[in-house]
Amino acid sequence: MAHYQSDLLNLLATRGHIHQLTDADALDALARTTIVTAYNGYDATAPSLHVGNLASVMLLRRLQQAGHKPIALMGGGTTKIGDPSGKDETRKLLTPETIATNITGIAQVFHRLLDFGDGPTGAVMVNNDDWLAGLGYIDLLRTVGPHFTINRMLGFDSVKTRLDREQPLTFLEFNYMILQAYDFRELALRHGCRLQLGGSDQWGNIVNGIELTRRMNGIELYGLTTPLLTTADGAKMGKSVNGAVWLNEALLPGYDFWQYWRNVDDRDVGRFLRLFTDLPLDEVARLEALAGSEINAAKVVLADAVTTLVRGEDAAQAAAATAAATFAGDGLGQDLPTLTIGPEGIGVIEALVALGFAASRGEAKRLIAGGGARLDGQPVSDEAQRIALTTGEARLSAGKKKHAIVRAG
């Protein structure tokens with residue numbers, strides 16, 4: 001691991017956040033002598049970010065912890081086009097109203113993880129629609145277009161992958177890299193921003209912004225990317241068997257969020273503690289060295305710490321209490337996913353599918369046949385069994401890690 005002179009790059013390196021730097025020595029020197037303003041951009045394609053976005057949000061948090069100024073850029077303008085990076089298909093175009101609603105939802109996590117204010121290191125939230133909406137397209141192409149060559153644009157991974165697979169890439173999406181480069185230039189001129197942060201798939205877009213600003217304004221900018229995050233078994237971060245692991249409570253219950261971290265692979269514990277928590281590194285080293293079943297204690301620390309950061313202390317405590325009650329075998333944790341049923345009841349198969357514990361009726365039948373479905377701790381042996389409750393509630397489980405409350409309506 002490289003050793004840096006600035007607190008900023010040392011912090012990012014020791015926490016495992018650095019994959020690529022455009023000019024490490026120059027950025028290191030700059031961070032030692034001045035407050036660096038840096039940004040990361042987030043398109044508003046959903047009403048919440050997910051776990052796959054958390055590493056980039058933590059980058060902004062680390063930046064502020066090291067005494068620098070973060071900008072969270074909301075892509076109100078670029079969302080109207082869609083970033084082709086890492087995507088096999090064209091994004092669905094969203095209405096301005098949906099984009100605005102999504103930005104409101106996305107902003108929640110930043111207000112938990114960053115300190116906003118007017119001070120020199122106070123975080124700022126900016127919307128690129130403020131400058132992109134007013135651009136005349138022909139004027140933009142005349143001003144910025146000459147600094148891009150089609151030859152080079154065709155070579156970027158976000159474009160090349162689609163073409164190699166013979167998947168459509170619209171001309172609308174093809175313009176995205178021009179607008180992202182323009183964003184970096186605008187933030188440099190408007191806010192004195194010198195550094196763009198992003199995932200490793202954004203490297204080409206970041207370099208475009210650096211080169212555009214140098215050619216048009218003679219300002220030197222810098223780029224830093226994080227590693228592509230996958231779990232130890234090769235899966236992409238942010239996905240679970242039941243779908244995306246959303247950061248907002250409205251899209252994913254607190255217990256499910258907590259449980260995602262509690263169930264990570266043993267091999268990921270140390271890395272995730274460094275990336276996604278503020279625990280001291282010597283404590284992280286102690287926790288990741290735990291062997292055998294003791295590593296589960298480290299996973300609980302991870303789940304508590306991440307849930308506290310993202311959802312708040314109350315959410316973390318409620319989820320931990322639910323886990324304790326559930327795994328004790330005689331409790332119904334009140335933070336579990338809930339399915340409310342009417343007086344007519346519901347079949348176990350339908351309940352398993354409704355809760356997302358099985359993707360289909362066939363999968364639910366296989367779960368029952370294999371002894372993996374339990375009602376109040378007792379195996380379900382009859383796939384035709386129904387859950388009928390006039391009052392109260394019951395616990396439905398799938399395997400050892402999925403539990404839910406079925407409640408009389």
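Scored by the side chain to side chain donor-acceptor pair (under 3.5 Å) test, Gln65 finds Arg62, Asp278 as partners (sequence neighbours excluded). With sequence neighbours excluded, no residue forms a side chain to side chain donor-acceptor pair (under 3.5 Å) with Gln5. Here Asp130 pairs with nothing under the side chain to side chain donor-acceptor pair (under 3.5 Å) rule; sequence neighbours left out. Scored by the ring pair (Phe, Tyr, Trp, His ring centres under 6.0 Å) test, His147 finds no partners at all (sequence neighbours excluded).
Evaluation of the salt bridge (Lys or Arg N to Asp or Glu O under 4.0 Å) test over residues 298-320, restricted to residues two or more places apart or in two chains, returns Glu249-Arg311, Asp266-Lys299. For the salt bridge (Lys or Arg N to Asp or Glu O under 4.0 Å) condition, the pairs that include at least one residue of residues 352-361, sequence neighbours left out, are Glu350-Arg361.
Thr231 and Asp265 form no side-chain donor-acceptor contact under 3.5 Å, judged by distance and modelled atom types alone. Gln180 and Asp183 are not linked by any side-chain donor-acceptor pair at a separation below 3.5 angstrom, with hydrogens and angles left out of the test. A donor-acceptor contact under 3.5 angstrom links the side chains of Thr98 and Thr95, judged on distance only. Between the side chains of Tyr176 and Asp43, a donor-acceptor pair is found at a separation under 3.5 Å.
Panel note: side chain Thr34, backbone Val36; no donor-acceptor pair is recorded below 3.5 Å.
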Exercise for the section: List the steps and the verdict of salt bridge (Lys or Arg N to Asp or Glu O under 4.0 Å) for Glu283 and Arg286. Expected result: CA-CA 5 Å; Glu283 177 65 3; Arg286 183 189 72 79; 2.8 Å; yes
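Taking the six-membered ring for Trp and thresholds of 30 and 60 degrees, Trp258 and Tyr255 have nearly parallel ring planes, at less than 30 degrees apart.
For CG of Asp7, the number of neighbouring non-hydrogen atoms (other residues, nucleotides, ligands) closer than 6.0 Å is 12 at most.
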